[in-house]
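Each remark here refers to the structure printed beneath this line.
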Protein chains: 2
Amino acid sequence: MTRRLAEVAKKVGVSEATVSRVLNGKPGVSEATREAVLTALDVLGYERPTQLRGDRARLVGLVLPELQNPIFPAFAEVVGGALAQQGFTSLLCTRTLGGVSEADYVDLLLQQQVSGVVFAGGFYAQADAPHGHYELIQERKLPTVLVNAAVDHLGFPQVSSDDYVAAEMAIGHLRALGHRRIGMVLGPRDHIPSRRKLEAFLAAEEADPGLVEHTMFSLEGGHAAATKLVNAGVTGIVCASDILALGAIRAVRRAGLSVPDEVSVIGYDDSAMMNCTDPPLTTVRQPIDAMGRAAVDMLVALIEHAVVPADELLFEPELVVRASTARARI
Amino acid sequence: MTRRLAEVAKKVGVSEATVSRVLNGKPGVSEATREAVLTALDVLGYERPTQLRGDRARLVGLVLPELQNPIFPAFAEVVGGALAQQGFTSLLCTRTLGGVSEADYVDLLLQQQVSGVVFAGGFYAQADAPHGHYELIQERKLPTVLVNAAVDHLGFPQVSSDDYVAAEMAIGHLRALGHRRIGMVLGPRDHIPSRRKLEAFLAAEEADPGLVEHTMFSLEGGHAAATKLVNAGVTGIVCASDILALGAIRAVRRAGLSVPDEVSVIGYDDSAMMNCTDPPLTTVRQPIDAMGRAAVDMLVALIEHAVVPADELLFEPELVVRASTARARI
DNA sequence: CCTATTCACGCAAGAATTTGCAAGCACTTG
DNA sequence: CAAGTGCTTGCAAATTCTTGCGTGAATAGG
């Protein structure tokens with residue numbers, strides 16, 4: 001007779017109502033009682049009936065590292081739109097300075113009983129960052145999709161642009177324009193997409209490992225890194241993001257040289273407005289539209305208990321030639 | 001059971017009242033007694049009941065219309081950061097095409113029991129949009145702050161940039177450069193900030209009401225509106241957002257003219273990267289940092305039951321002169 | 001030695017929070 | 001399609017905490 005919820009209630013010695021409130025994170029339950037109920041829930045191995053997720057919440061968390069780089073808002077729009085079409089509502093969570101960490105957001109999302117989570121540019125992309133919260137997600141079997149390269153051992157499905165091919169494209173373009181002394185500005189050393197780009201760089205002909213700079217993903221970082229490369233005499237710079245490229249352009253100009261006449265610069269992402277910059281930025285486009293849709297499709301499949309292999313779906317980037325690259329001067 | 005406060009009182013041999021006073025740092029307790037109570041509190045492991053109003057999560061909703069215009073992500077970062085400093089977590093909600101409406105988000109946020117909501121650029125700014133969901137918020141007495149001009153009859157506190165002054169600054173700058181035939185590109189007719197800018201425009205000397213165009217807030221909208229103005233022979237264009245201004249620049253060039261040599265263009269917002277555009281955009285900066293902080297301060301005050309007048313706090317914008325404006329040719 | 005003043009503290013009213021009851025809702029089953 | 005199960009939620013009672021006020025003790029001054 002006493003089914004699930006009632007059983008738990010009896011064990012703790014409270015009413016079903018209270019257990020219900022705890023389960024739904026509702027206010028009006030004392031900390032002590034909440035704790036007790038949570039424990040009993042755990043001990044008795046309570047599993048909430050399945051259709052609750054499907055009907056009530058239909059919430060999906062979208063965790064982004066920042067919003068300064070326009071690629072992230074753009075991605076948020078794509079994913080949010082695609083989710084909306086499938087009847088899901090997205091909750092956007094961004095790490096803020098000195099504020100909420102990725103792990104905190106994971107706790108929050110679990111507490112709010114989201115149906116799934118999409119991560120983009122998170123800690124999973126950095127080898128040396130903490131990954132404990134991803135394990136928590138796996139324990140709870142929360143549907144999750146990662147966007148862009150991750151460290152190996154997390155078994156989530158992934159949707160990525162092919163960083164290796166992107167770097168090849170950028171380098172190939174510069175070489176075709178006659179550049180021989182090519183530098184690269186990458187993100188942190190433990191950043192997986194940057195590592196993949198580095199691989200492609202080192203595999204290219206005449207690559208000089210001394211012309212690789214690691215930095216933070218910011219305009220200032222790009223500026224600093226590019227300054228070193230310019231001093232080392234490069235005529236072409238491949239950057240791991242458009243923001244870095246804008247910083248690089250600034251550095252080149254600060255050195256009294258011109259873009260693209262004396263130094264060519266290539267970005268990565270093709271964020272919005274890169275055709276309005278001075279000069280319009282040559283860049284390698286991430287197909288964020290397709291990637292966003294794919295990520296949502298996979299996530300929805302996971303939510304609907306389909307079996308989705310924890311593979312990495314690689315998307316082909318696309319070279320967008322604008323005016324920040326030109327034939328190398330002889 | 002844990003007769004919480006009473007138990008401690010008994011252990012120390014004082015009344016509950018005294019323990020309560022110690023807990024709240026109230027005067028009227030001798031140092032010796034205070035010490036004793038504190039010790040007992042520690043020994044018995046007393047835990048304060050959850051004082052935090054209603055919700056444990058300390059969540060705040062941040063509702064934005066879109067993320068394409070970089071001013072919104074920028075604002076989200078400011079508000080998110082300021083909230084994080086105060087111990088709140090922000091949930092970012094953006095209206096997506098064909099997706100979730102503002103009213104849906106309000107329902108969702110109410111359901112998730114957020115502590116408060118910050119709206120920026122929402123329906124409240126448009127006279128003809130539905131406003132029913134704001135009434136719902138008022139009924140529930142949910143702490144709420146609006147950013148930038150709203151229709152009159154919603155009694156929420158507001159934090160705005162002074163649109164009138166902003167337009168005056170822009171027009172004054174162009175007139176000082178010798179421009180006489182000045183056009184204006186605004187948002188929709190029912191958009192309150194645009195109306196305020198229009199007022200300032202019409203109040204200026206030699207203003208021609210025929211040189212005002214209303215359009216959507218998009219690059220394409222700016223392009224279309226500016227094309228008409230260029231055909232009407234303006235030498236200066238004031239835009240209601242940076243995105244509109246970028247569209248306007250494109251339109252001017254499409255007409256075979258140069259910015260700023262033949263037509264000057266001024267934006268509004270001073271979003272990120274407007275110093276990297278071609279030409280670097282002269283614009284009127286919204287002090288989003290100060291505004292975001294003020295909005296958060298007000299919201300937190302509301303959440304803590306302080307009385308905050310439902311006034312509009314007007315922030316002074318700032319003219320940022322770059323290279324999209326120049327002296328008018330004679 | 002008596003009285004005024006101050007201070008700590010408890011009483012009890014009252015404010016706030018927690019909790020259970022029972023009605024209500026969503027979904028399943030006969 | 002009605003009856004049943006399991007969960008949620010409005011409401012009011014119960015519990016727990018806060019605070020104004022008054023009492024009594026200690027202290028100081030007369």
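Here is the naming used below: chain letters follow the sequence lines, and residue numbers restart at 1 for every chain. The shown structure was predicted, so the numbers you read here are calculated from the model rather than taken from an experiment.
A 4.5 Å side-chain heavy-atom check between V159(B) and L146(B) finds every atom pair outside the cut-off. The shortest distance between side-chain heavy atoms of L299(A) and V60(A) falls below 4.5 Å.
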**OP:** In sequence, state the C-alpha distance, the side-chain angles, and the governing distance for F119(B) and Y134(B), and then conclude on ring-ring contact (aromatic ring centres under 6.0 Å, His included).
**Re:** CA-CA 10 Å; F119(B) 285 93; Y134(B) 295 112; 5.3 Å; yes
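Taking atom CG on N24(B) and atom C1' on dG20(D), their separation rounds to 15 Å, with Å as the unit. Per the geometry, CG belonging to L5(A) stands 15 Å off C1' belonging to dC21(C), to the nearest Å. Going from atom NZ of K10(A) over to atom C1' of dG20(C) covers 16 Å, rounded to whole Å.
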Extract from the structure each pairing of a protein N or O with an N or O of nucleotides 6-10 of chain C at less than 3.5 Å, listing the distance.
{"residue": "dC9(C)", "atom": "OP1", "partner": "S30(B)", "partner atom": "OG", "Å": "3.4"}
{"residue": "dC9(C)", "atom": "OP1", "partner": "T33(B)", "partner atom": "OG1", "Å": "2.4"}
{"residue": "dC9(C)", "atom": "OP2", "partner": "S30(B)", "partner atom": "N", "Å": "2.9"}
{"residue": "dC9(C)", "atom": "OP2", "partner": "S30(B)", "partner atom": "OG", "Å": "3.3"}
{"residue": "dC9(C)", "atom": "OP2", "partner": "T33(B)", "partner atom": "OG1", "Å": "3.0"}
{"residue": "dG10(C)", "atom": "OP1", "partner": "S15(B)", "partner atom": "N", "Å": "3.4"}
{"residue": "dG10(C)", "atom": "OP2", "partner": "S15(B)", "partner atom": "N", "Å": "2.9"}
{"residue": "dG10(C)", "atom": "OP2", "partner": "S15(B)", "partner atom": "OG", "Å": "2.9"}
{"residue": "dG10(C)", "atom": "OP2", "partner": "T18(B)", "partner atom": "OG1", "Å": "2.5"}
{"residue": "dG10(C)", "atom": "N7", "partner": "R21(B)", "partner atom": "NH2", "Å": "2.8"}
{"residue": "dG10(C)", "atom": "O6", "partner": "R21(B)", "partner atom": "NH1", "Å": "3.3"}
{"residue": "dG10(C)", "atom": "O6", "partner": "R21(B)", "partner atom": "NH2", "Å": "2.9"}

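Using modelled atom types, one finds no donor on one side chain facing an acceptor on the other under 3.5 Å when comparing N148(A) with Q158(A).
The neighbour count for Q138(A) CD, taken as heavy atoms of other residues, nucleotides or ligands under 6.0 Å away, is above 12.
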